[in-house]
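Whatever order the structure lists them in is the order used to number ligands and atoms, beginning at 1. By convention here, the first residue in the shown sequence is residue 1.
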Amino acid sequence: MPLVTSKEMFARAYQEGYAIGAFNVNNMEIVQGITEAAKEENAPLILQVSAGARKYAKHVYLMKLVEAALEDTGLPICLHLDHGPDFDTCKSCIDGGFTSVMIDGSSHSFEENIEVTKKVVEYAHDRGVVVEGELGQLAGVEDDVNVENHSYTDPDQVQEFVEKTGVDSLAIAIGTSHGAYKFKPGQTPQLRFDILEEVSRRLPGFPIVLHGASSVIPEFVETINKYGGQMPDAIGIPEEMLRQAARSSVCKINIDSDLRLAMTAAIRGHFATHPADFDPRQYLTPARTAIKEMVRRKIVNVLGCSGKA
Ligand code: G3H
Ligand code: 13P
Ligand code: ZN
């Protein structure tokens, strides 16, 4: 099966009240861990590549890895550019075989965001590629950008943005954030479900995307810290909140940090018990298994998309 867009995945997810996981990929073990879990759960899948991942691994390597996963699993897989910073990056991914791109104009003014997003949509749609836009800004660290405070999505802007740009899905800011430090110690995790509801009311049937949606599961942070890591105060989004989002108009949930934590905990744990190992296969095997188990946990516990491929 060739790569697919997210169009049909989202239509069904919206109707049936579940979400598709969009997992960031940077190397072979991550691609394999994610796709093996999705295969075993028969789940639809979005693999996403950031500008940083393209710089790290090179476009062509990631493309070939994803093609191998397609051949190996037979799953419907959408290959998506995560946080496309500008038109040229989006164009390069569209020309290079991606089936979906995000143009992240969220740091621009409303008018400039519309302008660049519309330009990407026109180029993408002519080539059968779908586009995700963003309104509002998440706090947290993402690539070289560090945003201190959330700028929540204004529901008054969403209809105009979608109509003028023609985007296929919209990422919104309701209090999630990128990275492993989403709330301060002692702070009760909260999301603005009122904004999500209002956005959904204004855009009936339209797929919403949640970025910064890792749960930073405490047992992984504890393992990392136990084996010499230093991640004090790492806190994520409670899984119940994500389940609630997945049942609503949220059709795509982005997860990267939880994969990084699972992989890091596995590698640190491995070296604690096998200090003499120096063959990468020995520590990357448990790392790949940890990715697989994390993705399975997301599919079953959070996204609700098991059996929906
Ligand atoms: O939202 C950002 C993703 O976690 C990707 O992170 O830009 O460090 O690859 P990256
Ligand atoms: P996390 O850092 O919460 O995993 O979010 C990832 C993300 O939004 C990628 O676009
Ligand atoms: Zn993101």
Side-chain angles (χ1 to χ4, degrees), residues 6 19-27 30-31 33-34 45-59 61-62 65 78-86 89-90 93 98 100-107 131-147 150-151 153 169-183 189 191 208-218 220-221 224 231 234-239 241-242 245-246 250-265 290-291 294-295 297-299 302-303:
S6 49
I20 316 290
F23 300 98
N24 287 75
V25 297
N26 293 280
N27 70 10
I30 297 175
V31 171
I34 296 168
L45 188 60
I46 299 173
L47 295 177
Q48 57 185 11
V49 169
S50 68
R54 287 177 89 225
K55 196 167 155 196
Y56 171 76
K58 285 197 190 168
H59 183 99
Y61 284 85
L62 292 169
L65 285 171
C78 168
L79 180 55
H80 174 76
L81 168 66
D82 189 27
H83 293 284
D86 48 44
T89 310
C90 293
C93 288
F98 283 33
S100 174
V101 294
M102 175 190 191
I103 172 68
D104 184 352
S106 62
S107 60
V131 180
E132 173 185 326
E134 177 164 341
L135 262 184
Q137 218 178 3
L138 273 65
V141 184
E142 174 249 311
D143 246 348
D144 301 330
V145 186
N146 190 345
V147 180
H150 304 292
S151 179
T153 303
S169 61
L170 182 68
I172 62 169
I174 60 165
T176 61
S177 47
H178 291 111
Y181 303 89
K182 300 187 193 295
F183 300 98
L191 296 183
I208 300 302
V209 178
L210 222 52
H211 282 247
S214 280
S215 291
V216 190
I217 300 156
F220 292 88
V221 177
I224 290 170
M231 300 197 66
I235 303 173
I237 314 290
E239 288 181 323
M241 289 186 188
L242 297 166
V250 170
C251 295
K252 172 174 179 271
I253 292 190
N254 284 13
I255 297 158
D256 187 8
S257 295
D258 276 337
L259 302 185
R260 297 178 181 195
L261 291 166
M263 204 168 187
T264 303
I291 294 269
M294 178 62 77
V295 171
R297 175 181 179 141
K298 296 291 174 185
I299 290 171
V302 172
L303 302 160

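Here Asp82 has side-chain heavy atoms under 4.0 Å from ligand 1, and that is the only part of it that gets that close. If you look at His83 next to ligand 1, the close heavy atoms, those under 4.0 Å, all belong to the side chain. Residue-level proximity to ligand 2 for Ala180 is absent, since no heavy atom of it falls below 4.0 angstrom. Only the side chain of Asn24 comes within 4.0 Å of ligand 2, counting heavy atoms alone; its backbone N, CA, C and O stay farther away.
Summary: ND1 is the N/O/S atom of His211 found nearest to the Zn ion (ligand 3).
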- [ ] Applying side-chain contact (heavy atoms from CB on, under 4.5 Å), run through Leu81 and Cys90 and close with a yes or a no.
- [x] CA-CA 7 Å; Leu81 168 66; Cys90 293; 3.9 Å; yes

Open item on the list: I'd like to know whether Leu303 forms a side-chain contact (heavy atoms from CB on, under 4.5 Å) with Ile20, so could you lay out the CA-CA distance, the side-chain angles of the two residues, the decisive distance to 0.1 Å, and finally the verdict.
Closed with: CA-CA 6 Å; Leu303 302 160; Ile20 316 290; over 6 Å; no

Open item on the list: Could you walk me through whether Glu132 and His83 satisfy the side chain to side chain donor-acceptor pair (under 3.5 Å) test, starting with their C-alpha distance in whole Å, then the side-chain angles of each, then the deciding distance to 0.1 Å, before giving a yes or no?
Closed with: CA-CA 9 Å; Glu132 173 185 326; His83 293 284; over 6 Å; no

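Between Asp258 and ligand 2, not a single N/O pair is under 3.5 Å apart. Between Asn26 and ligand 1, no pair of N/O atoms sits closer than 3.5 Å. Between Ile255 and ligand 2, a contact under 3.5 Å exists for no N or O pair.
Annotation: side chain of Val31 is in contact with side chain of Val25 (closest heavy-atom distance under 4.5 Å). In this structure, Ser214 and His178 have side chains that are not in contact, with every pair of non-hydrogen atoms separated by 4.5 Å or more. Proximity of Asn254 to Lys252: side-chain heavy atoms (C-beta onward) are separated by under 4.5 Å at one or more points. Here the side chains of Asn24 and Ile255 are not in contact, with every heavy-atom distance at 4.5 Å or above.
For atom 3 (O) of ligand 2, the closest non-hydrogen atom of the protein is Lys182 NZ, 2.5 Å. Of the protein's heavy atoms, Asp82 OD2, 3.1 Å lies nearest to atom 9 (C) of ligand 2. Distance from atom 2 (O) of ligand 2 to its nearest protein heavy atom, with residue and atom name: Ser257 OG, 2.7 Å. With hydrogens left out, the protein atom closest to atom 8 (O) of ligand 2 is Gly212 N, 2.8 Å, a heavy atom.
Using a 4.0 Å cut-off to heavy atoms of His178, the atoms of ligand 1 that qualify are 1 (O). Every atom of ligand 1 is numbered from 1 in the order shown, and the set under 4.0 Å from a heavy atom of Asn24 is 3 (C), 5 (C). Using a 4.0 Å cut-off to heavy atoms of Gln48, the atoms of ligand 2 that qualify are 9 (C), 10 (O). Atoms of ligand 2 lying under 4.0 Å from at least one heavy atom of His83, given by number and element, are 10 (O). In summary, the atoms of ligand 1 found under 4.0 Å from a heavy atom of Ser50, numbered by their order in the structure, are 5 (C), 7 (O), 9 (O), 10 (P). Listed by number with element, the atoms of ligand 2 under 4.0 Å from a non-hydrogen atom of His211 are 8 (O), 10 (O). Listed by number with element, the atoms of ligand 1 under 4.0 angstrom from any heavy atom of Asp256 are 3 (C), 4 (O), 5 (C), 6 (O).
Distances from ligand 1 to the non-hydrogen atoms of Arg260 include at least one value under 4.0 Å.
Remark: the backbone N or O of Pro85 is not paired with any side-chain donor or acceptor of Thr89 at under 3.5 angstrom. Looking at Thr176, its side chain does come within 3.5 Å of a backbone N or O of His211 through a donor-acceptor pair. For Ser215 (side chain) and Ile237 (main-chain N/O), a donor-acceptor pair under 3.5 Å exists by modelled atom type.
The two atoms that bring Lys182 and Gly212 nearest to each other are NZ-O, 3.4 Å, heavy atoms only.
Checking Asp258, Asn26, Ile291 one by one against Met263, the side-chain contact (heavy atoms from CB on, under 4.5 Å) holds for a single residue, Ile291.
Atoms NE2 of His178 and NE2 of His83, as seen from the Zn ion (ligand 3), are separated by an angle of 100°, to the nearest 10°.
In summary, the aromatic rings of His80 and Phe23 are positioned with their centroids too far apart to meet the 6.0 Å limit.
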